[in-house]
Amino acid sequence: MTQSWRLPEGGAIDRSRPLAFDYDGTRYEGYAGDTLASALLANGVHLVARSFKYHRPRGIHSAGAEEPNALVQLARAARTEPNTRATVQELYDGIVAGSQNCWPSVRFDAGAIADAMSPILPAGFYYKTFMWPPTPKWWLKYERAIRRAAGMGRAPGVPDPDHYEHQYAHCDVLVIGGGPAGLAAARAAANAGARVIVCQQSPHFGGHLFGIDVGSIDDRPAADWVDGTIAELTERADVTLLSRTTAFGYYDDNLVGAIERLTDHLPSPPAHLPRQRMWMIRAKAVVLASGAIERGIAYANNDLPGTLLAGAALTYVKRYGVRLGTQAVVFANNDGAYGAALGLHEAGVRISAIVDVRQESQLGGALPARARATGLVLLPASVIARARGRLRVSSVDVVPRAGGAAKSFDCDVTAVSGGYSPAVHLFSQARGSLKYDPMTASFFPDASPWPIIPAGAVNGHFSLAEAIADGEAAGAAAVERAGLHITGSTPAPPTRRANPVAVEPFWAVASHHRRAKSFVDLQNDVTVADIALATREGYQAAEHLKRYTTLGMGTDQGKTSNVIGLALLGEQLGLSIPEVGTTTFRPPYTPVTLGAFPGHAQGPHVEPTRYTGMHAWHEEHGARLVNAGLWKRPHSYPRPGESEDAAANREAHNVRENVGIVDVSTLGKIELQGRDVPALLDRIYINRWDTLQIGRCRYGVMLREDGIVRDDGTTSRLDATHYLMTTTTANAVSIMQHIDRLLQIDWPELDVYATSVTEQWAAAALSGPKARKVLAQLVDIDVSNEAFPFLAVAACRARIANGDISARVFRISYSGELAYEIHVPSSQGRVVWEAVLDAGQAFGIMPYGTEAMNTLRVEKGHVVIGSEIDGRTTAADIGMEKLVNPTKWCIGKPLLTRPALNAPDRWQLVGLTAQRGAPMPRGAKLVADPDRATPNPTLGHVTSWCFSPNLDAWIALALLSGGRSRYGETLWAVSPLADAKVRVKVGPSCFIDPSGERLRG
Amino acid sequence: MMLIPCPYCGPRNQIEFTYGGDATLRRPAPDAPESAWVDYVYLRDNPCGPHDELWYHGAGCRSWFKVRRDTRTHQILESATIDPPQPADP
Ligand SMILES: [Zn+2]
């Protein structure tokens, strides 16, 4: 028995191409052109899901992206995807899918006990129940249990095998929606000479016309008009037609995000194709032809499988040739649903009754007249009070609105229409205001500050002729808004709605069955009673109601339910719908796969990687690399069998004993040229610069405007008007930006030109007592202490394997040893590095990495950005108050006098030595008594720590309240997280050579 | 994402720029009272509507320039180069 509910003919499906598929372990057949939903319905499968909260049986409810119920798990090995809407998933051969949120099966679901327990699961249940006892521990316990019971579907457990790409595009007019209004707009804009992109959500253009015969355009069948227009647009080089593409978000300045699905409909996606392509389209003007979404009416048990939106019922009959059942009841408050009744009738579904909330006098339209002429039973001024059935609707009780006895009508299909909600989502995202139209009981676009022009049904033009006229007008208007000279036809006047689809506002049937639920939001199991309860409990704003009841959340974002919920809230409060307002429409319009957002920017391509000129050498010599911002830096160079820590200790020890070399190319480097460089330096550094001689360099500290330390580094005077500033690796970019700002905005009269040369120079620091001997072998200048003293700078030639090259040498020291920095063009970084190692071989030279560098600077008490310079410390806090020149102004200085920055209990930089050789716990705080009950007053915290191979002790730098007056005290470094405590002795921050003899020697 | 008209390069995506705050602020004279410095460093207007602000085209021409932006809609009403030079130098 296969496809027994397929009509013998009709529909836009390819009956010559049967496709096999598997749903919940049963094998079925469908046709090319089916969606998973239409193929299931063709096999008589309505029950496909269990609801989120009560685990009630649910069926396919819509025929589009708005589907609240039919969320299925697509089993596709690593490509498995939960929450796939069966109504938009195209059928392909071999598709395997299944129900989610049910166990052991969708027909018998143990979780349905939640439905029986529903009186104790009201709106806001979690907030009410799980807040007691009021300790986080209990909530964590509850949460674990709730997580197990809730949730929909399973995420894949392995990495995504697909790739995704990004495409930027520009156009004059972007048309969102490829239905009649959108196509008319695209044609009008293209005829006027505009570059046009059209996004169509489904695989086919034509919108609701596709596969559904709904009359004629220009005396041609509507389908012919669609085909002709598509053919015309396809011809044009300046028109791009994108099908399977959803415009999901509208961002500032007419940037529209759209997702194109390239392989989701293919049985075996070719490896070269991206699964999806994210378009970022910058349009001069946008035509929003997104159509309207039908909504239901709430009545008791309106969620039984077999209950569909009327338009969806018509779509399944006409587009997919599916006979939905044997007999149907249609429930409506507008004429549109009569089309579904007639369609079902023609397909051989017996219409038990058309239940219309409106009075007899309101049923004079063409469609009701046709229904009557066809002999269908119309029940005016009546409502469905209750549906009956277990896993499928079997009958409905109909009562007159005025009251009276219920009459039962058998049916296995109920087609419901509560009116149409324009898909205003992107208009609202474009900061567009909405206006409520009582005639159609819907929100329509009103005004947006951006050039976004609604057209067709979203604009209230529901009839075909009107939609096309409105589309043409919108296309012309968009061309005008895009600022183009109009070459073709003149813009048509805006159309008026001559034939609005009159909708009698009707949202919910009053229920007299206490246990029978009337659903407003099917996906989130929000009932009419929930909304009343939330209102009684004070959640009376639309946004509050949403959060308390979860109305309009989830994958469908309430596309079929929001307006009903707002109307019921209004009824509860005695307010009109516009007074209640809407909740905010946020992107994305429909769910977007996360992989599409990064596109190719994943793994190593998340951000650029920066390599120094010596990088290849580091890799070849076993360096363990670490990330320093975007840079790769050697952490250490472990020898075979040596641990990283042992390697770092060996390297640090060798610097103090012999000599070492470290790659410091990552330092920020800024060239400064001009007559006024000293004036600039005086204004941005706390110390004095107008006295700096040619061939000398100086250490400097910069402050923020509020007086807190911003960065430190050296600046060298290479020539009369030529300086080189170094910044920390971390602040290289922000200091460049800071200097640009000062020179361009604050002091444009200064004769200074600044350029970042970080990438242009490779730099290596050579340090250790034997550094001079090594350098002497390498360069052609006199490097004796007399000729090249501490803080000297010189240009020179450096000998390399095949000759010599230009280099700069700076006598500066970070390690505290006799040290030099050698700068060469980046391309020469490796050869000079190797030349230094060659020259140093006889002196025991070793390369060292960032870990040894850190050990050396902690031993020396040098501060570092992020640890000691933590955005809260002043120059005085880190022991540099003497550097602040009293005779001149600099950025940050005026606020340094504030009392709080000079309080005696400021946290000040100190050194700590761990007693009894204990390792310093990470992230330790300093206390006087580790065993005191919490809150134990914090005196400070450890900022940097290391094992010092030169002192044979664990040492640390710390910021300690009134630290400099505590030298000699014993405190405790404690880490409650690591359950560790260590006795530490407080002393000065500099552990090695405090008088600086080594670095000056 | 805003489309920011750099006066030197033309309209470019917001990701190429860095925001620089209120364009009307002037650094006080070096000997200005502490209260003037506190105002300059900490106090900002938060207008609802047009706001004159600075932007930096870091991923482009490295220029700072002025933008008038409506804080309610993110619409950029105009952009201009920094000139004439601003007074109040230390
Ligand atoms: Zn620019």
Side-chain angles (χ1 to χ4, degrees), chain A residues 168 170 249-257 280-284 430-432 447-451 676 679-680 682-684 703-708 733-734 736-750 753-756 888-899 901, chain B residues 1-5 7-8 11-15 17-42 53-66 69-70 72-77 81-90:
Chain A
Y168 285 84
H170 295 261
Y250 193 103
Y251 305 92
D252 289 325
D253 277 308
N254 268 19
L255 182 74
V256 173
M280 276 158 271
I281 305 167
R282 188 74 81 168
K284 291 193 179 128
R431 298 171 207 281
S448 163
W450 300 111
D676 296 324
L680 174 71
D682 269 335
R683 293 177 194 182
I684 62 179
L703 305 183
R704 306 191 310 213
E705 296 276 3
D706 62 357
I708 300 296
V733 173
S734 72
M736 186 69 236
Q737 183 180 316
H738 178 54
I739 290 174
D740 273 340
R741 178 175 181 144
L742 295 172
L743 293 176
Q744 291 176 31
I745 299 174
D746 297 320
W747 308 314
E749 74 286 357
L750 288 185
Y753 298 84
T755 305
S756 166
K888 65 156 185 110
W889 176 90
C890 74
I891 286 177
K893 193 176 172 192
L895 289 180
L896 278 183
T897 53
R898 283 177 296 167
L901 296 189
Chain B
M1 179 159 38
M2 289 192 287
L3 196 62
I4 298 178
Y8 302 98
R12 299 292 181 92
N13 270 345
Q14 187 187 336
I15 47 169
F17 299 86
T18 306
Y19 179 63
D22 189 343
T24 63
L25 284 175
R26 294 291 173 271
R27 185 179 282 106
D31 55 354
E34 193 177 86
S35 61
W37 283 99
V38 168
D39 281 1
Y40 168 69
V41 172
Y42 295 108
E53 57 200 23
L54 295 166
W55 285 83
Y56 177 63
H57 196 187
C61 62
R62 262 180 59 198
S63 296
W64 285 89
F65 59 96
K66 289 189 286 191
R69 178 180 60 99
D70 191 317
R72 294 165 302 187
T73 61
H74 286 190
Q75 277 179 312
I76 293 175
L77 309 170
T81 58
I82 304 284
D83 61 309
Q86 296 167 22
D89 300 318

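Below, chain A is the first sequence line, B the second, and so on; all start at residue 1. On a predicted model such as this, the values are computed, not experimentally measured, just so you know.
Residue contact with chain B, scored on non-hydrogen atoms closer than 4.5 Å, involves the backbone and the side chain of A/Thr897 alike. Looking at B/Asn13, both its backbone and its side chain come within 4.5 Å of chain A, counting heavy atoms on both sides. With a 4.5 Å cut-off on non-hydrogen atoms, A/Arg741 touches chain B through its backbone and its side chain both. Heavy-atom distances place no part of B/Phe65 under 4.5 Å from chain A, backbone and side chain included. The parts of B/Ser63 that come within reach of chain A are both its backbone and its side chain, each placing non-hydrogen atoms under 4.5 angstrom from that chain.
Atoms CD and OH, from B/Gln14 and A/Tyr251 in turn, are 13.0 Å apart once rounded to the nearest 0.5 Å. Here the straight-line distance linking atom CG of A/Leu742 with atom CH2 of B/Trp64 works out to 9.5 Å at 0.5 Å rounding. Atom CG of residue A/Asp746 and atom CG of residue B/Leu25 lie 10.0 Å apart, to the nearest 0.5 angstrom.
Side-chain contact between B/Tyr42 and A/Leu895 is present, with at least one heavy-atom pair separated by less than 4.5 Å.
Within 6.0 Å of OH on B/Tyr19 lie more than 12 heavy atoms contributed by other residues, nucleotides or ligands.
Between A/Asp253 and B/Met1, the closest heavy-atom pair is CB-O, 4.1 Å. Across all their heavy atoms, A/Trp747 and B/Arg27 have their closest contact at CZ2-NH1, 3.7 Å. Across all their heavy atoms, B/His74 and A/Trp450 have their closest contact at O-CH2, 4.0 Å.
The closest donor-acceptor contact from the side chain of A/Gln737 to the backbone of B/Tyr56 lies at 3.5 Å or more, if one exists at all. Counting only distance, with no hydrogens or angles, the side chain of A/Gln744 and the backbone of B/Arg62 share a donor-acceptor pair below 3.5 Å.
Contact count versus chain B (heavy atoms, under 4.5 Å) is highest, among A/Asp706, A/Asp740, A/Leu255, for A/Asp740. Listed options A/Arg704, A/Arg898, A/Lys893, A/Arg282 were ranked by heavy-atom pairs under 4.5 angstrom with chain B; first place goes to A/Arg282.
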